[in-house]
Amino acid sequence: MAKLTVKDLNVRGKRVLVRVDYNVPMEEKDGQMVINDATRIHETLPTLELLVNQGAKIILMAHLGRPKGQRDPSLSLRPVAAKLADMLGRPVAFVDDCIGDKVEKTAGLLQPGDILLLENVRYYNEEEANDPVFAEKLAKLADIYVNDAFGAAHRAHASTEGVARVIAKRGGQCAAGLLMERELKFLGDELENPAKPFVVILGGAKVSDKIKVIDRLLEKADAILIGGAMTYTFRLALGAKVGKSLVEPDKTDVAKSALDKAKTRNVQFLLPSDNMVATPVKTDKLNKKGKPVIDLTNPRVNTETDIPDAEEGVDIGPATAKTYSDFIQKAKTILWNGPMGIFEDPRFAVGTFAVARAVVDATQKNGAKSIIGGGDSVKALNKSGLGDKVTFMSTGGGASLEFLEGRVLPGVAALADNS
Ligand code: 3PG
Ligand code: MG
């Protein structure tokens, strides 16, 4: 059912507690934490601008990383307040805690249109434990709750779930933000009855991560195009040799039943007909985890079904890229989740970028609706410079996958229905 949204509220002069997903990639540069990708911040601007224009007193809360109840200074949200102020072109106040007297006092001084960002809610263990006392303390700050953190909606935490329950119980409204609304529309409603042909592109490392999504999409899709390392689990299931490829030998049975279901349901289920392969060689260098760095040497196109013992699959090959692009061109609805290869290495990004190009062409030339299911595929699309040329890119990683599996997300369930 459709959720109550921020557009349905009367927020003038009210304190509105807004959960956002500002879990953005950061990096230390000259002793400062710098934001590498501000997409998640950018995507909340419509909700914030609406609230500002309607005269709400806005209190933002978010998590950053996994500090496990410790005040890890490298996971402070302070740099995010500065970035947000920049992007909004208006001041954003910051307070170095998320509950307690000081926070209540600061929130109490807000004027209509003011914005305050609270410190990382995960500095408290009670957040992830969804502790009811902690949720009460958060709820004390506000009259109304808005959740715009789709990316964290699969977590039943105090700031995503518990606080909404408290506010609803005392008669306060709990609504979806505009980003949340869009995510639910594109990853949910639009895929319920997709315009046909509906082509799904699935990549990434593991079959186990995607098996429930595959199973559900087999009910809707006309074609499923497989790429990434999960290819090799399917290949293994079909009796091929996969060399040193990343593979899940204990998942060949689920791979087989997906292939069977595709047959029964008349869904075209494509595995790559050729692959880029490379020979992994251990070096003397160690990575951050103290493990030897592996060089991928002698890349070449393999057109055989079997991969030789010393080599591993690292990308789809050119013939596959062509076949997949042709399928994508015919689609009216496209869902893409997961890269086709190790796109972080330019030598093995060709397949992923070819798919990205085809998705963009289908969108722009044929009017196809293209929905990118978050995580690495979004990274890949942005890397190829095509990020703004698709219909929708999800800000969720794990949340998108769980939602595509058809699961009810606790952060969504806690919001009021629009009756
Ligand atoms: C994400 O980045 O996927 C979300 O912000 C959730 O973060 P988490 O996986 O640490 O709960
Ligand atoms: Mg995550």
Side-chain angles (χ1 to χ4, degrees), residues 17-27 33-45 47 60-72 74-77 79-81 83-84 98 117-131 134-135 138 146-164 176-177 179-180 182-184 186-187 204-206 208-210 212-213 337-339 372-382 387 392-405 407-415:
L17 186 59
V18 187
R19 178 52 158 106
V20 283
D21 187 353
Y22 289 166
N23 191 24
V24 290
M26 286 199 194
E27 185 181 24
M33 295 307 290
V34 182
I35 296 165
N36 278 335
D37 179 350
T39 307
R40 280 179 165 175
I41 304 174
H42 184 259
E43 293 301 312
T44 66
L45 298 183
T47 297
L60 300 174
M61 61 179 170
H63 77 279
L64 182 60
R66 294 176 175 168
K68 300 262 172 266
Q70 304 297 311
R71 287 191 78 91
D72 177 346
S74 72
L75 296 176
S76 170
L77 282 166
V80 172
K83 184 79 187 175
L84 176 61
C98 63
L117 174 64
L118 309 180
E119 184 55 287
N120 193 343
V121 285
R122 289 194 187 169
Y123 280 179
Y124 290 88
N125 273 324
E126 290 88 337
E127 159 66 2
E128 291 188 63
N130 200 1
D131 179 86
F134 183 73
L138 292 172
V146 170
N147 192 344
D148 217 13
F150 175 79
H154 57 320
R155 307 294 183 211
H157 294 170
S159 66
T160 59
E161 205 271 347
V163 67
L179 172 60
M180 176 71 89
R182 270 167 64 74
E183 295 269 9
L184 299 178
F186 283 106
L187 295 180
K206 291 182 178 169
S208 52
D209 286 345
K210 306 267 159 88
K212 290 198 193 106
V213 174
N337 189 291
I372 316 301
D376 279 338
S377 10
V378 168
K379 258 185 235 159
L381 206 61
N382 283 333
F392 181 73
M393 283 204 296
S394 177
T395 56
S400 314
L401 271 185
E402 288 195 23
F403 192 59
L404 289 172
E405 285 173 8
R407 300 236 289 244
V408 173
L409 307 184
V412 176
L415 304 176

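We're numbering straight along the sequence, starting at 1. Whatever order the structure lists them in is the order used to number ligands and atoms, beginning at 1.
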task: Could you check which of G151, G375, G397 puts a non-hydrogen atom nearest to atom 4 (C) of ligand 1?
output: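 It is G151 whose heavy atom sits nearest to atom 4 (C) of ligand 1.
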Quick check on contacts: which atoms of ligand 1 are under 4.0 angstrom from a heavy atom of [X]?
| X | answer |
| --- | --- |
| R66 | 8 (P), 9 (O), 10 (O) |
| D21 | 4 (C), 5 (O) |
| N23 | 1 (C), 2 (O), 4 (C), 5 (O), 7 (O) |

- request: Tell me, please: is R122 in heavy-atom contact with ligand 1, that is, under 4.0 Å?
  value: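 For ligand 1, residue contact (heavy atoms, under 4.0 Å) with R122 is present.
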message: Could you check whether any side-chain N or O of N120 sits under 3.5 Å from a backbone N or O of L75, counting only pairs where one atom can act as donor and the other as acceptor?
response: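 Judged by distance alone, yes, a pair lies under 3.5 Å.
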- prompt: For G338, does its backbone N or O pair with a side-chain atom of D376 as donor and acceptor, under 3.5 Å?
  reply: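 It does not hold such a pair.
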Among side-chain atoms of [X] and [Y], is any donor-acceptor pair under 3.5 angstrom?
| X | Y | answer |
| --- | --- | --- |
| S159 | R19 | yes |
| E43 | T395 | no |
| S377 | N337 | no |
| S76 | Y123 | no |

message: Looking only at distances, can you tell me whether any N or O atom of R155, backbone or side chain, sits closer than 3.5 Å to an N or O atom of ligand 1?
response: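 The answer is yes, given that R155 and ligand 1 share an N or O pair closer than 3.5 Å.
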Nitrogen or oxygen atoms of H157 and ligand 1 under 3.5 Å apart: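 Such a contact does not occur with ligand 1.
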query: Side chain, backbone, both or neither: which part of E128 has a heavy atom under 4.0 Å from ligand 1?
result: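 Near ligand 1, E128 shows nothing, with every heavy atom at 4.0 Å or more.
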